[in-house]
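Below is one structure, written out as structure tokens; comments come after it.
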There are 2 protein chains.
Amino acid sequence: MLVADTFKALGDPVRLQMIQRLSQSTQYTVGSLSAGLGLTRQGARKHLQLLADAELVSLQPRGRQTKVTLDATTLAHAKRFITELELQWDQRLLALKDFVENDVPTKQTNT
Amino acid sequence: MLVADTFKALGDPVRLQMIQRLSQSTQYTVGSLSAGLGLTRQGARKHLQLLADAELVSLQPRGRQTKVTLDATTLAHAKRFITELELQWDQRLLALKDFVENDVPTKQTNT
DNA sequence: ACATTGTGCAACTAAATGGTTGCACTTACT
DNA sequence: AGTAAGTGCAACCATTTAGTTGCACAATGT
């Protein structure tokens, strides 16, 4: 599973709100989670499936209803990706500062 | 600008690679950034426009060419959003643990 | 046994997305 | 002045996405 898929799944207001709700309660079912989002249950269910495919949530059938829980692991992966970008970015700025101050050429990756 | 728009912009392999490149060098132009991605320059340009609209990169015309730089601020916002989700999630788990161990009812947000 | 509740799935439609080609235009080089 | 380089923009096409309606079906409650 690519990180891009995780971001893609997070890139929708409805799905983000679902995730946000799920971070606040462990008691959600497909029905309760789909209510009050301004679209039909079936519409919401499609979003939910996307989140499940991206492994951001897991669906556990419990008799008549299906429990929905957050998968914090995938969320953590996405966060880590951003953190690493920021690290590279900071190093770049540092190298640039070095170049300006001391005339030490910085290694160029691309032109 | 909604956080969802940031995630949406990050939710594509081509755009993620662009962001990754930009985190490694401050020397990119539209042309150099668009090369070697397996699609036409005009195709890449569309992705770049999306990133610019999401304020993940900024485009600065420099005579004949256009310089592209990363906007780390927006990236930081996205990261923060995830961090806050994780915080709520952790608190939830803690409350749940409390409930199981001590039979202290936890405040339910939803049913 | 029967009704109701919670869910899943398929078909369909409108709009957004990802990609292409073709062309115009300005900046720089000789 | 003439050519090449770097870009921007519009038109077009195929695919995916976001939403709907309609229906089937198993689990629960009376």
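All heavy atoms count here, side chains included; hydrogens, waters and symmetry mates do not. We name chains A, B, ... by the order of the sequence lines, and we start the count at 1 in each one.
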I'd like a table of atom pairs between the protein and nucleotides 3-7 of chain C - only N or O on both sides, under 3.5 Å - with the distance next to each one.
{"from": "C/dT5", "atom 1": "O4'", "to": "A/R64", "atom 2": "NH1", "distance (Å)": "3.3"}
{"from": "C/dT5", "atom 1": "O2", "to": "A/R64", "atom 2": "NH1", "distance (Å)": "3.1"}
{"from": "C/dT7", "atom 1": "OP1", "to": "A/T66", "atom 2": "N", "distance (Å)": "3.0"}
{"from": "C/dT7", "atom 1": "OP2", "to": "A/G31", "atom 2": "N", "distance (Å)": "2.6"}
{"from": "C/dT7", "atom 1": "O3'", "to": "A/T66", "atom 2": "OG1", "distance (Å)": "3.3"}
{"from": "C/dT7", "atom 1": "O4", "to": "A/R41", "atom 2": "NH2", "distance (Å)": "3.4"}

Sub-3.5 Å pairs of nitrogen or oxygen atoms, protein against nucleotides 15-19 of chain D:
{"from": "D/dT17", "atom 1": "OP1", "to": "A/K8", "atom 2": "NZ", "distance (Å)": "3.1"}
{"from": "D/dA18", "atom 1": "OP2", "to": "A/R15", "atom 2": "NH1", "distance (Å)": "3.2"}
{"from": "D/dG19", "atom 1": "OP2", "to": "A/H47", "atom 2": "NE2", "distance (Å)": "2.2"}
{"from": "D/dG19", "atom 1": "N7", "to": "A/K46", "atom 2": "NZ", "distance (Å)": "3.0"}
{"from": "D/dG19", "atom 1": "O6", "to": "A/K46", "atom 2": "NZ", "distance (Å)": "2.1"}

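Here C/dG8 presents its C1' atom at 16 Å from CG of A/L33, a figure rounded to the nearest Å. B/L59 places its CG atom 12 Å from the C1' atom of D/dG8, with the value rounded to the nearest Å. Put simply, CG on B/L48 is 10 Å from P on D/dT7, counting in whole angstrom units.
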Applying side-chain contact (heavy atoms from CB on, under 4.5 Å), run through B/D53 and B/D5 and close with a yes or a no. CA-CA 9 Å; B/D53 289 345; B/D5 293 324; over 6 Å; no
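For the side chain to side chain contact (heavy atoms under 4.5 Å, CB included) test, residues two or more places apart in sequence or in another chain that qualify with A/S58 are A/Q60, A/T69.
B/L85 places a side-chain heavy atom less than 4.5 Å from the side chain of A/Q20. Residues B/Q65 and B/V30 are not in side-chain contact: their nearest non-hydrogen atoms beyond the backbone lie 4.5 Å or more apart. Residues A/L50 and A/R15 meet the side-chain proximity criterion, which asks for heavy atoms closer than 4.5 Å.
Checking side-chain atoms of A/T83 against main-chain N and O of A/K79 turns up a donor-acceptor pair under 3.5 Å.
Ring geometry for B/F7 versus A/F7: interplanar angle under 30°, hence parallel rather than tilted (30 to 60°).
With A/Q49 as reference, A/R45 is the one residue of A/H47, A/K46, A/R45 to meet the side-chain hydrogen bond (donor to acceptor under 3.5 Å, both in side chains) rule.
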